[in-house]
Amino acid sequence: MNEPTEIKPPPVPVFDGSTRPGVMLEALLKAPERVTDAIGKDRASVRTGWFFLIGALLFHAVFGAAMGLFGGAEAGLASAFKAPLVGLFALVLCFPSLYVFSSVGGAPLSLRQTFLTATSCLAMIGLLLVGLAPVAWLFAVSTASLRFMMILVLVAWGIAVWFARRYLNGIRLIPEFQQSGGISCWFLVFVVVSLQMATCLRPMLTAPTPERGWLTSEKKFFMAHFSDCWERGK
Amino acid sequence: MDGEPGRCGAGVQPRRLTSPGCGSGLDSLERRVRLPSRACGFLPMNYLPFRLLNDRDTFWGLLWSRRLSGSDLLRLMVFIMVACGVYGAIMAGWRSPRLSLYVAIKLPLLFLATTAFVSVFNWMLGLVFRTGLDFRTTIWMVFSAMTLASWILISLAPVSLLFMLSGVPALGTEAELQYAHNGILVTHILVLALSGVSALWVLREGLVRLAAPGCPVGLVLLTWIGMFAFVGCQMGWILRPFVGSPFYPVAFMRPDCLERNFYEFVFGEVMPYLLQGGR
């Protein structure tokens with residue numbers, strides 16, 4: 001009679017200490033603390049930051065296309081362009097505040113570290129969003145309820161943001177960045193700016209009408225916009 | 001440290017500087033506060049507001065060893081004026097370019113005037129609480145806090161600009177304008193509150209580093225902040241409008257700015273209104 005073979009858990013992913021962009025992008029999901037460690041110890045290159053940024057924009061485009069299909073093919077195409085722009089503009093507008101907030105909070109980042117932190121954070125959001133894109137697509141093509149789609153997209157984005165927040169918290173493990181209150185505070189600003197940017201680039205879920213084109217010039221706060229969409233979705 | 005401006009203060013717990021009279025302590029301090037000769041990238045790290053932002057350990061050391069001059073203080077003031085001016089211009093930009101210009105002048109004035117009004121009393125409070133801080137150091141600490149608040153304002157200027165350009169309509173019904181005004185008002189209040197908290201953080205850090213051992217740092221900080229808030233609210237009241245209401249004409253100052261004070265308004269109108277359930 002054969003002895004039962006011992007079942008072992010799968011090995012924990014081990015990274016060889018490489019800071020190549022591809023490895024770093026993979027590490028964002030599998031071992032995010034390794035990315036924060038490389039950024040904190042200034043081992044990651046600017047090239048990695050650009051890689052994060054391009055990856056983040058592509059991932060946002062995929063999610064944008066998936067959710068935009070709710071409004072038809074045209075809306076899907078438009079959202080594939082708009083979703084990355086929301087992330088990109090939010091990042092550009094919040095870049096100075098990340099540099100200043102981290103310094104005021106007592107964990108000063110250099111310009112390179114600021115760039116890497118911001119882009120890796122956006123890449124993290126993008127990665128999670130691309131993971132949720134099939135779910136968004138499934139509901140986008142199988143429901144007619146605007147309210148439901150609004151909630152779904154906000155929840156998906158909220159989940160991605162929550163993971164990005166958790167990733168940023170990891171920077172506290174590095175002794176020089178233990179006082180990361182400034183970075184946490186910045187993240188709140190980033191979230192609010194992203195919501196306002198999404199409002200600014202509306203409509204993202206519905207197809208354009210003759211009165212409202214692909215972009216609207218009407219000025220609105222994001223809370224007023226979401227409230228109007230909620231009412232309209234009845 | 002010389003080669004790494006901006007890194008030496010990272011993540012360290014606040015520590016009190018020892019008396020400048022101690023020989024060995026002074027030597028180590030001299031080494032610690034020596035200005036680095038090269039800049040970091042294209043940023044002028046030797047520029048004092050940058051140093052205050054990135055390397056406060058060195059900054060407190062420079063202040064403690066009296067190596068900061070009047071012209072350095074002037075640099076901080078110029079930075080405060082420029083940063084607050086830029087933010088002020090954005091703050092009122094939604095209402096009219098004229099009000100934008102007015103607030104670009106008034107916001108720095110509010111910061112500097114409040115500091116000027118409370119400095120003497122804050123120094124006296126420091127004496128009463130035996131902080132061991134002289135007038136010069138007190139002034140420097142207060143301006144350092146204001147500089148950090150200005151850094152926060154200038155860094156959030158793009159965010160405020162986004163909200164101004166995309167969130168606030170210049171035309172609309174009365175209800176829409178009221179909503180837009182309230183929205184932009186809350187945005188700016190949050191930004192200013194954030195800058196105030198950061199200033200508080202720096203003041204606390206400065207007191208922990210520079211005040212004499214055993215002095216009640218928390219109490220000193222509380223009284224200083226109380227004084228700032230008390231005077232700052234009234235200065236803001238006199239210099240209003242800052243955001244600009246769509247229902248009032250654009251003016252540098254309101255005609256009734258000196259007729260009553262902020263606290264008369266709060267306790268005479270706001271509180272009774274709230275206590276009567278908004279009727």
Worksheet item: In terms of heavy-atom pairs under 4.5 Å, which option from A:Cys185, A:Pro96, A:Ser102 contacts chain B the most?
Response: A:Pro96
Discussion item. Below 4.5 Å, heavy-atom pairs only: which of B:Leu148, B:Ile152, B:Val202 has the largest tally toward chain A?
Written reply: B:Ile152
Practice prompt. For the pair A:Phe226 and A:Phe222, name the ring-plane relationship: parallel under 30°, tilted 30 to 60°, perpendicular over 60°.
Written response: perpendicular
Response to the item:
Most contact-rich option vs chain B, by heavy-atom pairs under 4.5 angstrom, among A:Gly182, A:Gly105, A:Ser103, is A:Ser103
Worksheet item: Quick one: do B:Arg75 and B:Asp72 make a salt bridge, cutoff under 4.0 Å?
Response: yes
Fill in: Contact residues of residues 178-200 of chain B (partner chain A; heavy-atom separation under 4.5 angstrom)
B:Tyr179, B:Ala180, B:Gly183, B:Ile184, B:Thr187, B:Leu194, B:Ser198
Worksheet item: Which residues pass the side chain to side chain contact (heavy atoms under 4.5 Å, CB included) test with B:Leu222, sequence neighbours left out?
Response: none
Item to complete: For A:Arg166, check salt bridge (Lys or Arg N to Asp or Glu O under 4.0 Å) against everything at least two apart and list the hits.
Response: none
Worksheet item: Contact part of A:Ala224 toward chain B, heavy-atom cut-off under 4.5 Å: side chain, backbone, both or neither?
Response: both
Discussion item. Can you tell me which portion of A:Phe89 sits under 4.5 Å from chain B's heavy atoms? Options are side chain, backbone, both or neither.
Written reply: neither
Worksheet item: Has A:Arg147 got its NZ or CZ under 6.0 Å from the middle of the six-membered ring of A:Trp230, at an angle within 45 degrees of the ring axis?
Response: yes
Practice prompt. Count the heavy-atom pairs under 4.5 Å between each of B:Gly167, B:Ala157, B:Pro158 and chain A, then report the option with the highest count.
Written response: B:Gly167
Discussion item. Going by the rule salt bridge (Lys or Arg N to Asp or Glu O under 4.0 Å), which residues pair with A:Arg112 if we only count those two or more places apart in sequence or in a different chain?
Written reply: A:Asp42
Worksheet item: Can you say whether A:Val192 sits under 4.5 Å from chain B via the side chain, the backbone, both, or neither, judging by heavy atoms?
Response: both
Worksheet, complete the sentence: Whatever's closer than 4.5 Å to a heavy atom in chain A on B:Trp201 counts as side chain
Discussion item. Suppose we call two aromatic rings close when their centres sit under 6.0 Å apart. Are B:Phe50 and B:Trp151 close by that rule?
Written reply: yes
